[in-house]
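Inspection log for the structure reproduced underneath, given as structure tokens.
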Amino acid sequence: MNIPFSKVSITGNESKYIDEVLKSGWLTTASKALKFEQLFAQYVGVKYACAVNSCTAALHLAVEAIGIGPGDKVLVPTLTFTASAEVVRYMGADPVFIDVEYGTGLVSPAILKKALLEFPDVKAIILVHYAGQAAEMKVAGGEGILDLCRKHDIKIIEDAAHAFPTKFGDKFVGSFGDITCFSFYANKTITTGEGGMLVTNDEAVYKRAKTMRLHGINRDIWDRFTSVKSSWEYDVVEPGFKYNMPDLNAAIGLAQLEQAEFLRKGRQRCAEYYYRELSDLISIDLPICYGPIENHSWHIFPIIIRPEASLSRNEFIEEMSNEGIGVSVHYKPIHRMTYYKQTYNLNPMHYPNAERIWKGTVSLPIYSELKEEGLEFICQTIKSLLDNRLNYFFYPEEASKVHMYRKIRLDNTPKQLNNH
Ligand SMILES: Cc1ncc(COP(=O)(O)O)c(C=O)c1O
């Protein structure tokens with residue numbers, strides 16, 4: 001069998017909408033991008049959306065729009081893709097890396113609270129909704145991530161590259177923080193090939209991002225070319241960027257947006273299969289889903305090979321690829337990356353959970369095109385590689401905790417969100 005790690009699902013109006021763009025006489029940003037912005041904002045429940053050519057671009061526009069500059073400090077989880085940190089460096093500011101929770105891979109309110117005490121002068125946090133599950137934005141008693149940010153007067157930029165469509169409670173991610181950034185890269189729950197979206201309820205942030213998205217020009221450039229009454233004149237009010245989303249990509253995005261819940265559900269079906277089939281394997285930890293399973297976009301399904309397993313993470317990956325199964329790793333933490341390690345003299349000991357995750361983590365294939373036959377093959381292969389072949393080292397207490405979570409998930413009575 002050959003099971004790729006990721007496969008895009010094109011089952012809707014993608015070709016139709018692309019054809020409309022091809023016949024329109026204008027291939028880059030115009031009405032499709034505008035419509036994609038409007039429908040996306042409506043879906044998420046937010047006032048403004050700004051379509052761009054990547055989530056990295058959206059994150060860059062976000063830190064720029066809130067005025068992050070040289071000497072500023074911004075909290076960033078170490079378990080993330082490099083884009084979450086690099087945009088802070090684009091502004092000449094410094095990322096301050098923080099640990100994440102074992103099990104969810106998320107920054108928990110407790111971790112944030114500790115970081116805010118340790119670094120009281122940070123200006124903002126870039127919060128990653130790791131794997132497609134929302135961080136605990138609000139909790140009873142007012143000590144959720146959002147509450148803590150408000151209390152300490154720091155801005156919150158949500159890196160929701162993994163998290164569409166994701167809910168926290170009954171609201172979509174994108175409707176909580178100051179600015180939220182989404183990715184439509186080819187392996188995401190919905191894709192435009194390459195693409196991203198910045199959303200916000202703040203009009204000033206939106207206007208700034210919109211101007212900076214296109215060279216700092218004070219008006220939409222496509223209007224200059226497509227309108228019959230177009231005028232050549234425009235002004236440049238800032239040295240901006242070239243981050244606009246072309247209509248060809250937006251056409252795919254519009255079609256994918258129509259399918260978003262269908263695509264999310266297809267991924268959820270894979271996650272449920274994995275929970276059902278792999279929960280008895282004591283040599284791995286499954287990702288903890290702390291809320292209703294439907295709230296999760298299921299962008300990735302990262303399992304952790306425990307240290308007592310008979311195979312190391314790298315050996316496991318090699319065996320899986322020998323069997324034709326594509327897997328990946330999310331992530332080698334940023335504190336281990338040469339540039340950041342050297343620039344900030346980072347010590348892995350300060351990130352014990354991310355270290356423990358990183359040493360064992362493997363992401364399994366998860367996408368709506370992955371059918372029962374493929375899932376069965378993946379699970380059988382994992383079992384044959386790992387089942388009942390433990391090394392001695394074992395932590396009974398933690399294992400029982402993990403089993404508790406699994407049982408909760410399998411009984412379909414997940415731990416209730418303690419918000420609202
Ligand atoms: C957490 C995170 N942030 C940001 C990005 C950047 O997204 P893009 O490739 O759309 O720039 C990614 C990419 O996958 C990501 O995983």
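Atoms within each ligand, like the ligands themselves, are counted from 1 in listed order.
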Discussion item. Counting neighbours of CE on Met1 that are heavy atoms of other residues, nucleotides or ligands and sit closer than 6.0 Å, is the number greater than 12?
Written reply: yes
Worksheet item: Got a sec, which residues hit ring-ring contact (aromatic ring centres under 6.0 Å, His included) with Tyr43, two or more places apart in sequence or on another chain?
Response: Phe164, Phe172
Item to complete: Flag the pair Ile179 / Leu198 as yes when at least one side-chain heavy-atom distance between them is below 4.5 Å, and no otherwise.
Response: yes
Discussion item. Is it true that, when you exclude Glu318 itself, more than 12 heavy atoms of the residues, nucleotides or ligands shown sit nearer than 6.0 Å to its CD?
Written reply: no
Worksheet, complete the sentence: Residues at least two apart in sequence or cross-chain that pass side-chain hydrogen bond (donor to acceptor under 3.5 Å, both in side chains) with Gln133, listed by chain then number, are none
Item to complete: Please identify each residue that fulfils salt bridge (charged side-chain N to carboxylate O under 4.0 Å, His left out) with Asp99, with sequence neighbours left out.
Response: none
Please give the N or O to N or O pairs under 3.5 Å between ligand 1 and the protein, distances rounded to 0.1 Å.
residue  : atom   : partner : partner atom : Å
ligand 1 : 3 (N)  : Asp159  : OD1          : 3.1
ligand 1 : 3 (N)  : Asp159  : OD2          : 2.7
ligand 1 : 10 (O) : Cys55   : N            : 2.9
ligand 1 : 10 (O) : Ser183  : OG           : 2.8
ligand 1 : 11 (O) : Cys55   : N            : 3.3
ligand 1 : 11 (O) : Thr56   : N            : 2.9
ligand 1 : 11 (O) : Thr56   : OG1          : 2.5
ligand 1 : 14 (O) : Lys188  : NZ           : 2.7
ligand 1 : 16 (O) : His162  : NE2          : 2.9
ligand 1 : 16 (O) : Tyr331  : OH           : 2.8

